[in-house]
Chemist: 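Below is the structure I would like to discuss, written out as structure tokens.
Below, read A as the first sequence line, B as the second, and so on, with proteins coming before strands; counting in each chain starts at 1.
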Amino acid sequence: MKGLLIVSGLGILAMLAEIFKFKKLLFPLVLLGLVGAYVANFIEWDHSYVIGVFNNMIAFDKVALAFSGVILATAFFWFIMANDYFDNEKTIVDHYSLVLFALTGALMLTAFKNMTTLFLGIEIMSIPLYVLAASKKKDVKSNEAGFKYLIMGSFASGFLLFGIALIYGATGSFDLMDIRAKISSYESGSVPVFLNAGIIMMLVAMCFKVSAAPFHFWAPDVYQGSPTVITALMSTVVKTAAFAAILRLFMIAFGGVSESWSMVLSVIIALSLVIANFSAAVQPNVKRMLAFSSISHAAFMLMVVLANIRSNASLDALLYYSLAYSIGSIAAFSIIYTVTKGGDETFDAFNGLGKRNPLMAACMVVAMLSLAGIPITAGFFAKYFVFTTMIGTGYKWLLILAILTSAVGVYYYFKVIIAMFFKSSSETETITVEMPQKMVMILTTILSLALGAAPGFVAEIFKF
Amino acid sequence: MLTGLLIILPLVASLLVFLAKGSAARTLALAASVAEFALSLFVYFQFKANPAAANLALNCTWVESMGIKFSVGLDGIGLLMVLLTAFLVPLIILSSFQNNYEKLNSFYGLILLMQMALVGVFAANDGFLFYVFWELALIPIYFICLLWGGENRAAITFKFFVYTLFGSLFMLIGLIYLYNHTGLESGIKSWAINDLYAAGKNLNLDQQSAVFWMIFLAFAIKMPVFPLHTWQPDTYVTAPTQGTMLLSGIMLKMGTFGVIKWLLPVAPLALEKWGGTAILLSSIGIVYASCIAIVQKDYKRLIAYSSIAHVGLISAGILSANQQGVQGAVIQMLSHGVNVVGLFLIADILLRHTGTREIEKLGGIRNMNGQFAVLFLIILLGSVALPLTNGFIGEFLLINGVYQYSAGMAAFAGLSVILGAVYMLRSYQKIMLGEKTTGGVEFGSLAMSDKVTLIIVCVVIIAFGVYPKPLNDLAEPAVKTLLSTLK
Amino acid sequence: MLNGISINYYLLLSAVLFIIGAVGVMARRNSIIIFMCIELMLNAVNLLLVSFSTLHNDAKGQVFVFFIMAVAAAEVAVGLAILSMIYRNVKNIDTDILSNLKN
Amino acid sequence: MIKLIALVPLFPLIGFLINGFYGKKLSKGLSGGIASVSVLASFIVAVLAFLELHHSTHKSHVVELFSWINADSLKIPFEFLYDPLSAWFLLIITGIGFLIHIYSTGYMHDDPGFSRFFTYLNLFVFFMLLLVMGNNYLIMFVGWEGVGLCSYLLIGFWFKNQSYNDAARKAFVMNRIGDLGFLLGIILIFVTYGSISYGDVFTKAGLNGNGVVTTIALLLFIGAMGKSAQIPLYTWLPDAMAGPTPVSALIHAATMVTAGIYMIVRSNVFYSISEVASETVAIVGVITALFAATIGLLQNDIKKILAYSTVSQLGLMFLGLGVGAYSSSVFHVTTHAFFKALLFLGAGSVIHAMGGEQDIRKMGGLKGKIKITYLTMLLGTIAISGIPPFSGFFSKDEILAHTYEHSKVLWVLGMMTSMLTAFYMFRMLFLTFFGKFRGTHEQEHHLHESPSSMTIPLMVLAVLSVLGGALGLPEFWHMPNWMSEHLSPIILHKNPSTLDHTTEWTLMGLAVLSAGVVIYFAHAMFITNGVLPMESEEKMKPWQKLIYNKYYVDEFYDAVIRKPLDLISIAFYKFLDLQVIDGIVNGVGSVVKGTGNVVRLLQNGNIGFYIVSMVLGIILILLFTFII
Amino acid sequence: MLGYTITQWLFGILSFLAIMFALMVVFSRNPVSSVIYLILTFFCIAGHYLLLNSQFLAIVHIVVYAGAIMVLFLFVIMLMNLNENTEPQRTWLSKIIAAVAGGLMLFVMVGSLKGAGDMGLVQYGNAQMGLVKNLGKVLFSEFLFPFEIASVLLLAAMVGAILIGKKEAGEA
């Protein structure tokens, strides 16, 4: 809870900076605040409320804290990486506050206990992102990205709301616990049909947020058009939050009626795996490639939701996966950000990077290996956890499909590596990296190796 | 403990080498690998003196919650494989003295890293650890091939990488499946090899079959077994000679070793049901590859195909799952490792001295360098399994083992005895004999490092052909215990 | 005492409105109209919520509608701002023009 | 001495190593000397050991050196067996071997590869000794393939000539075919009896029924076919004449090619158990004998003639084995070793004199020029033609006698063979040494008798081939047949001749008579009428053409085996491997890309379309969840 | 009349109008008229609210949508003076597709929403429920947290709008 308050407070503080002229201090302040929020999480950990506050509107239980921990950590790195995105004197404050507000929304999504908070969380997270996506005002691509994101986002929230409404109609409540109780109170058969309809619609809406096929269309365009750092934010923080939300929603509210949505979900996963990997394989543009890859990763995480939502194992899996994926992406994006400053976002931008900046190339290799899921990077264990959760279930075909497609996945991740070490580029002067980005690269690389070396801790987190 | 050292040493060495500059890296790498060899010898004598007393095993917890342990140890077979690795790597490094690569430090660093992973694979006693090392071995070799390979290397090495990765993912699934069935009574799941064995035995036939094929796929691709072999010739040809040596000399053994240690004991029922099929595939591979080898133009490619043939026989022997077969396989793995390294070095020497490996373009080298011809001949005889060369011991045991499984299959597989002679002698005759001198190029005398390498190889070939007892003494009891677990 | 109307009619009505909105989004090229259609969809939802809240005789539904309104307002504000910016840049708000990001 | 029997193979090995490593630096005399002495040394050891064995009552001695292969039940020690059979072969190998070494010092004197030659030769002797001394089949196999290797090396000794190399390779590969059979036989023996040491196997031989024994025997015989050049694996031997003549004498006449006979005698138990096997042996043997003999009739290359006669003689020996006359066959091996070595060396000396000319059409009237060679070869020819009391007569007669009592048909064929033999051998003799010289002038000037280093071995061998018959005088002469007595310990089912004397005498008479007639005929043809072999094929009658071209067997093999193999291989490589299998693998990749490029088009950047597809997705989902 | 009660008549008429106007929103060429039609739709919906005893909500609805949002729309349209039928039309094909999609969607929705009958009728009994007093209670007790956090939402929207709207340095 305190974490949430601190972050939203930071947002407001950022706006005050405009008035009281301490913009320079903002950067350190924000980092400090994030650390503070993190600490707050730790303090709350032991005596974390399982029952929510504010009439059970929101509850920072262990799961919530864990996920918000992931989000805060990612955000921490993100701010360091993106620090020179906030250089423009005029807009610095707005950017800071918007990002922080988005973070607030994300944190809400990890902890909501009520449809209202879910809905508000999603919107609070999305609306600033619509703006940020469009924040390169002179750049038509950026505008278009923001616009598309906005239109499709609100269209999706339309369905979300319709679903909520139906569920409210069926259960007479917005409270997840009540809904769950009500659902379980129905003896089978007498469940009003439009309850399921509502669940499906919410599922659809959430799948849109995590950009699973066939609701993924916005992702590539928006990822490409937005400023790289914002793309990074979307593919890490937003995704993690969305998954925390899905986990919560389906674990608490709809866990009881999984048969009504698991079939649909399996199809969605299969579609996402195929479409994402296949179109990523032929992408010349790195950011788009990563967009598709994020879709396939979403599919992997959804598999956990599908496999067994109620077990600790799947909690571990999802948490670890989002952590590994976020760190990997941050590393990748920080490098892409540096490399593509020239403007060229195709793979050729990486040609000869192995010579031009070995350190960066090495980090990129680790990041790519991690995203591709090769030992002993974090990404490997992430996939490993997914497999372990999946293997018991009846979705063998999905497992096989996942393997086949992840073999395809290796292809496009290695295209980067090949470009870096194999292709030679026209310009040969070394690329210089600013200190902050360098720090992020190194730290994230080390982290993804460390997580890979010692993945045991996640299992220790949830013991209830 | 000692095994742990065997794994750590190359790792540390590789890091040092990465930091080293220029040709210092080369010497350092050689020194390190020799040290590793010495250490492995020490381990060998420890083991020989008293297998029980020799403190080889190393068990530390890695991921408590998932039952993953960092547990390594060596039985006879593993020790042999480690010895092979430790013996070949110095040779490989030595053989590279004549090639002037750029970025020496990364080159040798990667080789040593590879060695670490390989030793790990051969020593792992924990299913998960095994898989991790297995994948780990893939990365250095990928970069070796990608950075120092021949033309069109990007596509080819990539194909190799994805192909093998694809297989090993299935293996992972198989292993996880076993893992999920461990600890039925204790309730505590574990990756320990014995638990996996037990879990495997408790499965019914269908489950075992599934596991069998999933795991076998990975190994079959690595070896490679027909018809999963098409990545191999291209990769061998494109890779730098040292890379090829690593691939064929040691890495290939990962597959066969895997079948012995990680496949036979976990799925005995499936083996009875499907072993025949797998053996058939292997045997087809033998004849098929030998035939193809006959018509090869590029000598390196010829060796690549011959290697497919050899490994086919090995896998057939293993899958026949009897003492002679498996022991023969172990022996043959060693011999093949040594011989093929020799052959690839020869291919490299040919290229360096004459500028081509095209069999048709070569000829009459015997006139120019008799010594080379003799060494070549000896290695060649080793690979056609002439008695009193190391190749023969293994081949005899293997065919013997396969025969006990099915006489017809043995006869079929035995064709390699003939075909091997055909393509090897044909190529030897075309390259070395005859009047024609190679396009007027003077072949010249061998460089010291090459000469030393070849001589060492030849000595080993003959020594273990005449007196294979040390190898057998290690292999026999280990194989016996392993097979006893199948019952 | 007036007798009531089956909830199904309200469901039907709001579904129809919702879908008309959706069709609008699909069928029109003018971004502003598209926006309005989205508003229409939201209103359909509102109607549904209100009818449910009356059905359950429970005010939560209506309260929720307030939040939807707030969000709608916010979205519109941001959306129109973005649109006007786009208009400033490309002098056009036709969605088909805004399709440079593709493939 | 028997304890030290291991010395016998050791000496040649040492010789081999010395020559192999330092041969280049040594003077010719020295390296040749070392080689010869090493063989002489082992000969002496062999003789001493032989005497010891002869006097001792205990007839078989096993000397274990070290344990070689251990795989659970399969235990293969590296050990030697010294019993009458191996003892006898030791004598032949080392004895003849020594003579031929001496001869070679002269013959190869001007060759640049002098020391290399002796290296190979010593290696050969070593392996040959291993072959006959091993106490189990695998060591025999070691020697078996070892001699194969040496024969490969020696046939291709002049490696600059690719056709020689082809011959060498052909020999090796054909032997390999046989070896595979042999190897499978060995394995079957192990699988059946759980051991491959002679002692264990032979004691258990009868136990497992005839079926398996037959299989074993036939598999082993396949090996023998390869090594001893029997149909269908004989074609390598004539080509093997590409090697230096001493090689032909030692390897392709006296020793290596008789390995097959040794093997079968060694495993006589199997053959005496299995009717089928021994019948096969006999039939293959006699057919080969006749077949090769006919080819011999029209050959013009002096060495080729000898080669075919060797093949046919070997066939005769197998006939003997087939009809169970094991000792007789060994006897014939011995005598054949004498006179065939003699003949080859003689031929060598002729070639030497003719300055490398091998075509008898270019010779003639040499008897005046090279007397010793002529005389010795004459004796050899008489011996092989089976004229009493020369050695060939006795051995051949013994075999034929046994054949007669076994089956008349085979006997007839055998007789025909020996008649043909007599004919073509005398044809060769007459054409070479009689008549007038048909070569070029410089050849005529160049003609000279070979150095003593070559003639002495000739003389020794001549003596041996004259007196060799004493080793096995017919029983019915009431004289001791030393050979059969000597070998009796290792032959399990002896079949002493049951013929009555009259038949014996008639057979003998017939043999002599026929030989005499044939020789007279030959004389009439080549001396009196001075018929010469035709220069060109055109004038030949069809049957002559057929024979002259060796029944086109080589061409046949080429068409039926070699070419198809190449074609299949190319098909495998070019089509199956590159197109189909790899095609599938790469196909997967391109499919992925193709699909990717299609899927990519969905991303057409148009919001309207995106929304529509979203809606369609939802529709489908709802449809499947609720309607259907 | 015709066996229908007043309410049912009202419901019917309002629904009919609402749908009519909604359709007009979609189909009318001129953006301005679309706006007007949308406002009319909102009025109908407000009517429904009244019918459903949520008087306060109805007022707020009118104020927020008709009063604020739609005016904003109108503003923007004027600003860009799209006040004529210049909007390029979609191709017939895509229009048809859209229509078909809509039809299908209606079909499946109705299909998936049927069987709600057992929920019973909407009873217009409690006239108190929709009053400010009532709603206020719920809003400030149970929904306090969302109410507060909604301020963040609005703040974010505001900042966003400003960020987008304000002139950058060096902008005309």
Side-chain angles (χ1 to χ4, degrees), chain A residues 141 144-145 147-152 155-156 158-159 162-163 193-194 196-197 199-201 203-205 207-208 212-221 224-225 259-265 267-268 271 274-284 288 291-292 404-405 407-409 411-412, chain D residues 69-72 74 564-628:
Chain A
K141 280 195 154 78
E144 182 184 339
F147 175 70
K148 277 181 174 168
Y149 198 12
L150 173 73
I151 295 287
M152 303 188 73
F155 189 74
F159 281 91
F162 205 94
V193 188
F194 56 81
N196 290 346
I199 296 177
I200 296 291
M201 288 201 173
L203 181 66
V204 167
C207 284
F208 171 89
F215 315 109
H216 66 286
F217 289 99
W218 61 275
D221 297 3
Q224 184 189 352
E259 68 283 350
S260 64
W261 47 268
S262 50
M263 176 61 204
V264 176
L265 192 54
V267 174
I268 289 177
L271 262 180
V274 172
I275 292 179
N277 286 299
F278 279 32
S279 22
V282 292
Q283 276 305 326
R288 282 185 86 84
F292 282 113
L404 299 180
T405 46
V408 176
Y411 171 71
Y412 47 82
Chain D
I69 298 178
N70 271 345
D72 197 19
L74 175 64
L565 181 62
D566 285 2
L567 288 180
I568 288 170
S569 312
I570 290 172
F572 276 168
Y573 181 52
K574 288 270 182 333
F575 177 68
L576 196 52
D577 211 46
L578 295 186
Q579 302 300 321
V580 179
I581 297 177
D582 206 21
I584 289 168
V585 176
N586 298 335
V588 173
S590 37
V591 164
V592 169
K593 283 204 178 129
T595 338
N597 280 320
V598 175
V599 176
R600 224 176 127 188
L601 299 180
L602 289 178
Q603 205 73 32
N604 68 352
N606 186 323
I607 296 185
F609 173 76
Y610 292 173
I611 303 266
V612 169
S613 38
M614 260 180 84
V615 168
L616 286 178
I618 295 164
I619 290 169
L620 287 178
I621 289 171
L622 290 173
L623 200 65
F624 283 113
T625 349
F626 296 107
I627 314 300
I628 300 163

Chemist: Out of curiosity, D:Y610 OH to A:D221 CG, how far, rounded to the nearest 0.5 Å?
Modeler: 3.5 Å
Chemist: So which atom in D:G617 and which in A:P214 form the shortest heavy-atom distance, rounded to 0.1 Å?
Modeler: CA-CG, 4.1 Å
Chemist: Any side-chain heavy-atom pair from A:V274 and D:V599 closer than 4.5 angstrom?
Modeler: no
Chemist: Measure the spacing between CZ of A:F217 and CG of D:N604 and express it to the nearest 0.5 Å.
Modeler: 8.5 Å
Chemist: Of all heavy-atom pairs between A:P284 and D:R600, which one has the smallest distance, and what is that distance?
Modeler: CD-NH2, 3.7 Å
Chemist: Testing A:V267, A:L265, A:I268 for side-chain contact (heavy atoms from CB on, under 4.5 Å) with D:I621, which one passes?
Modeler: A:I268
Chemist: Could you go step by step and tell me if D:I607 and A:F147 meet the side chain to side chain contact (heavy atoms under 4.5 Å, CB included) rule?
Modeler: CA-CA 10 Å; D:I607 296 185; A:F147 175 70; 3.3 Å; yes
Chemist: Where is the tightest heavy-atom contact between D:V592 and A:A281, given as atom of each residue plus distance?
Modeler: CG1-CB, 4.2 Å
Chemist: Does A:Y411 form a side chain to side chain contact (heavy atoms under 4.5 Å, CB included) with D:K593? I'd like the steps, not just the answer.
Modeler: CA-CA 11 Å; A:Y411 171 71; D:K593 283 204 178 129; 2.8 Å; yes
Chemist: Taking side chain as everything from C-beta outward and backbone as N, CA, C, O, which of these in A:I200 sits under 4.5 Å from a heavy atom of chain D? Side chain, backbone, both or neither.
Modeler: side chain
Chemist: Below 4.5 Å from any heavy atom of chain D, which atoms of A:L203 appear? Answer side chain, backbone, both or neither.
Modeler: neither
Chemist: If I compare all heavy atoms of D:G605 with all of A:E144, which pair ends up nearest, and what's the gap?
Modeler: O-OE2, 4.2 Å
Chemist: In Å, rounded to the nearest 0.5 Å, how long is the span from CD1 of D:I611 to CD1 of A:I151?
Modeler: 7.5 Å
Chemist: So do D:I618 and A:F215 actually touch side chain to side chain, heavy atoms under 4.5 Å?
Modeler: yes
Chemist: For D:L620, is it the side chain, the backbone, both or neither that has a heavy atom under 4.5 Å from a heavy atom of chain A?
Modeler: neither
